[in-house]
Amino acid sequence: MTTVKINNFSEIDFVNIDASQDVLLLPDGQSFRFSDHMCDHCWTAGTVLETLEQQKKYYCLFCNNSLVWFSFKNDFLLPTGDMLEFLLPGSWKEEDREEWYTQFKERRKAQEKIKDDILEQGKE
């Protein structure tokens, strides 16, 4: 594990760092590493950084947003009633998050229909 000092995220040299181990150190003392989490806004894996602190902070290099965990009540997939969590831009207003979740539900329902169609046609 190597600590790489950078002034900002745009200085990350992706060719010469080990994204699985290296720590990125900003001038203010914050340390980040590449996270296993995905930004649920841009759906791009491998672009999220997380702090090394106990209380994690997240940042997406692809969409340039500070990310926060948001929970939504599962009201459409069985078993319903549990909470679904997503890493979304912290700057979004409540209505932005609700609109995103509505779109997510529609995409997910379409995926479930495809799965059901495959299972049903596979029985014949």
> Any side-chain heavy atom of I6 within less than 4.5 Å of one from L25?
no

> Between E99 and Q103, is there a side-chain heavy-atom distance shorter than 4.5 Å?
yes

> Could you give the side-chain donor-acceptor pairs of residues 71-90 under 3.5 Å, partners two or more places apart or in another chain?
residue	atom	partner	partner atom	Å
S71	OG	E85	OE2	3.3
N74	OD1	F76	N	3.2
N74	OD1	L77	N	3.0
N74	ND2	L77	O	2.9
N74	ND2	P79	O	3.2
N74	ND2	D82	OD1	2.8
D75	OD1	K105	NZ	3.3
D75	OD2	K105	NZ	3.3

> Can you name the residues that form a salt bridge (Lys or Arg N to Asp or Glu O under 4.0 Å) with E95, not counting sequence neighbours?
none

> Check each of W92, F104, W100 against H41 using the ring-ring contact (aromatic ring centres under 6.0 Å, His included) test, and report the only one that passes.
W92

> In the structure I gave you, are the side-chain heavy atoms of L49 and I12 within less than 4.5 Å of one another anywhere?
yes

> Can you measure from CD (E98) to OG1 (T102) and round to the nearest 0.5 angstrom?
6.5 Å

> Where is the tightest heavy-atom contact between F32 and K57, given as atom of each residue plus distance?
CE2-O, 4.3 Å

> Q30 side chain to L26 main-chain N or O, any donor-acceptor pair under 3.5 Å?
no

> Quick one: are T44 and C39 in side-chain contact, heavy atoms under 4.5 Å?
no

> Apply salt bridge (Lys or Arg N to Asp or Glu O under 4.0 Å) to E112 and list each qualifying residue two or more places apart in sequence or on a separate chain.
R108, K115

> If you look only at pairs with a residue in residues 18-44, which of them pass as a salt bridge (Lys or Arg N to Asp or Glu O under 4.0 Å), with sequence neighbours excluded?
R33-E50

> Is there a chain of hydrophobic side chains (I, L, V, M, F, W, Y, each step under 4.5 Å between heavy atoms) that links F34 to V23?
no

> Could you list the donor-acceptor pairs under 3.5 angstrom formed between side-chain atoms of residues 58-70 and any protein atom two or more places apart in sequence or on another chain?
residue	atom	partner	partner atom	Å
Y59	OH	N64	OD1	3.4
N65	ND2	C63	O	3.2

> Looking at residues at least two apart in the chain, or sitting in another chain, which of them share a side-chain hydrogen bond (donor to acceptor under 3.5 Å, both in side chains) with D116?
none

